[in-house]
Amino acid sequence: ACSSYRLRDALHPLWQSPLSIPGGTRQSPINIQWRDSIYDPFLKPLKISYDPTTCLHIWNNGYSFLVEFDDSADRSVITGGPLENQYRLKQFHFHWGAINEWGSEHTVDSKVYPAELHLVHWNAVVYPTFEEAVMEGNGLAVIGVFLKLGEHHEGLQMLVDALPAVKHKDTVIEFDVFDPSCLIPSCPDYWTYAGSLTTPPLTESVTWIIKKKPIEVDENQLEAFRMLLFTSDGEEEKRMVDNFRPLQPLMNRTVRSSFQ
Ligand SMILES: NS(=O)(=O)c1ccc(C(=O)O)c(S(=O)(=O)NCCc2ccccc2)c1
Ligand SMILES: [Zn+2]
């Protein structure tokens with residue numbers, strides 16, 4: 001079932017973008033085959049230190065809703081894990097489906113989750129701007145967290161309560177204190193691989209760090225995501241759902257795990 005709807009989604013009007021950019025050798029997302037991943041004992045624990053007051057606003061960019069952070073200094077950063085440098089948090093966003101059967105970008109042994117959180121960081125040690133980092137192989141680091149249906153998530157609810165204010169494309173509201181580490185599972189286990197942005201410009205600049213454990217959210221919280229619109233106020237309404245990119249070929253890559 002998953003392969004057919006994935007193909008359908010690849011042809012889905014939203015995904016005019018090609019299955020992978022011509023010449024792309026490290027495109028994302030991918031299926032993570034647990035048994036093919038290689039335990040790397042040299043992988044360090046990921047060190048996450050976010051300053052909740054760097055949170056700026058939530059906005060609907062017509063593709064997802066993004067929570068953006070003040071990345072003008074090293075105040076919300078990650079380091080360690082597979083990373084050679086410290087990376088600054090720029091924004092986080094989600095991908096989700098129209099129903100709970102699909103929605104995540106990455107899959108684990110072909111298991112699809114109803115949604116996936118991405119925390120986007122950039123290498124401000126080496127690159128002067130985010131825009132430059134986006135174009136470089138070690139420019140970005142994105143933490144991926146799977147969402148599964150289960151208990152109500154207190155931390156997420158703060159975000160959910162703000163979503164009606166950003167229902168339409170290009171709407172924004174101030175969101176001044178939020179600590180995104182409440183959305184990251186405490187279990188330290190992750191997979192990591194060299195990949196790309198999953199939205200244009202699809203550049204091959206992302207070190208992906210995919211948490212093994214999902215977070216639990218309840219049905220109402222997922223439904224709140226699905227109330228958002230791709231469209232601007234006054235346009236014919238199109239619900240913001242299925243905003244994920246189809247799976248891309250692994251090609252000559254290995255996925256490393258931080259756990260045995
Ligand atoms: N799924 S993902 O993590 O690959 C991702 C999705 C969306 C965006 C985004 O900009 O909205 C981003 S982004 O914040 O990295 N922006 C990438 C596009 C961009 C390039 C240069 C300047 C501004 C935006 C990343
Ligand atoms: Zn994303």
Side-chain angles (χ1 to χ4, degrees), residues 9-10 12 14-21 24 26-32 54-72 76-78 83 87-97 102-107 112-124 127-147 159 166 169-172 175 180 183-184 190-211 214-215 225 228-230 240-248:
D9 281 285
H12 187 289
L14 174 70
W15 293 103
Q16 301 308 328
S17 61
L19 264 169
S20 64
I21 47 175
R26 52 174 277 193
Q27 288 291 296
S28 295
I30 60 168
N31 175 49
I32 296 166
T54 56
C55 190
L56 293 173
H57 51 250
I58 307 180
W59 71 294
N60 176 334
N61 70 350
Y63 159 80
S64 179
F65 67 93
L66 315 184
V67 182
E68 295 214 290
F69 289 78
D70 169 6
D71 60 353
S72 59
S76 287
V77 295
I78 58 170
L83 305 172
Y87 287 67
R88 265 184 211 167
L89 176 65
K90 177 175 176 47
Q91 58 101 321
F92 69 80
H93 63 275
F94 296 81
H95 303 263
W96 60 91
W102 60 70
S104 64
E105 295 213 302
H106 292 86
T107 56
V112 192
Y113 287 87
E116 186 173 334
L117 160 65
H118 290 159
L119 297 120
V120 180
H121 309 76
W122 60 283
N123 185 343
Y127 304 110
T129 64
F130 168 75
E131 284 71 14
E132 281 176 78
V134 163
M135 307 311 287
E136 302 295 332
N138 64 343
L140 304 180
V142 182
I143 297 175
V145 180
F146 294 117
L147 276 63
L159 272 183
V166 288
K169 180 181 181 206
D170 295 332
T171 48
V172 59
F175 202 63
L183 300 174
I184 302 175
Y190 62 84
W191 288 283
T192 182
Y193 79 96
S196 74
L197 292 174
T198 66
T199 60
L202 300 172
T203 43
E204 298 184 333
S205 53
V206 181
T207 299
W208 282 95
I209 299 165
I210 307 287
K211 299 290 283 183
I215 57 170
F225 286 15
L228 293 169
L229 300 178
F230 282 129
M240 185 181 275
V241 293
D242 298 335
N243 57 356
F244 55 85
R245 190 188 191 198
L247 289 174
Q248 301 298 309

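All ligand and atom numbering here is 1-based and tracks the order in the structure.
Proximity of Phe92 to Phe69: side-chain heavy atoms (C-beta onward) are separated by under 4.5 Å at one or more points. The side-chain heavy atoms of Lys211 and Trp191, taken from C-beta on, include no pair separated by under 4.5 Å. Residues Val67 and Cys55 are in side-chain contact: their nearest non-hydrogen atoms beyond the backbone lie under 4.5 Å apart. For the pair Leu140/Thr207, no side-chain contact is recorded, criterion being any heavy-atom separation below 4.5 Å from C-beta on. The shortest distance between side-chain heavy atoms of Leu147 and Phe225 falls below 4.5 Å. When side chains are defined from C-beta on, His95 counts as touching Thr198, because their heavy atoms get closer than 4.5 Å.
Taking the six-membered ring where the residue is Trp, Tyr193 and Trp208 present parallel rings, their angle staying beneath 30° rather than reaching 60°.
Here the closest heavy-atom approach between residue Phe230 and residue Tyr63 is recorded as CE2-O, 4.0 Å. Residues Ile58 and Leu159 approach most closely at CD1-CD2, 3.8 Å, considering heavy atoms.
Residue contacts with ligand 1 leave out Trp122, since none of its heavy atoms falls under 4.0 Å from the ligand. Using a 4.0 Å cutoff on heavy atoms, His95 counts as a contact of ligand 1.
Residue contacts with ligand 1 for Val120 involve side-chain atoms from C-beta outward but no N, CA, C or O (heavy atoms, distance under 4.0 Å). Proximity of Asn61 to ligand 1, defined as any heavy-atom pair under 4.0 Å, is confined to the side chain (atoms from C-beta onward). Contact annotation for Pro200 and ligand 1: only backbone heavy atoms (N, CA, C, O) come within less than 4.0 Å of the ligand.
Taking each of Glu105, Glu131, His93, Gln91 in turn, the one with a heavy atom nearest to atom 6 (C) of ligand 1 proves to be His93.
Scanning the protein for heavy atoms near atom 4 (O) of ligand 1, the closest one is Thr198 N, 2.8 Å. Atom 24 (C) of ligand 1 has as its closest protein heavy atom Phe130 CE2, 4.1 Å. The protein heavy-atom contact nearest to atom 7 (C) of ligand 1 is Thr199 OG1, 3.5 Å.
Short contacts between ligand 1 and His118, defined as distances under 4.0 Å to a heavy atom of the residue, involve ligand atoms 1 (N), 3 (O). Taking every non-hydrogen atom of Leu197 and a distance limit under 4.0 Å, the qualifying atoms of ligand 1 come out as 4 (O), 15 (O), 17 (C), 25 (C). Those atoms of ligand 1 that come under 4.0 Å of a heavy atom in Pro201, given as number and element, are 18 (C).
Looking only at N/O/S atoms, His118 comes nearest to the Zn ion (ligand 2) through ND1.
Taking any N or O of Ser196, backbone or side chain, none lies under 3.5 Å from an N or O belonging to ligand 1.
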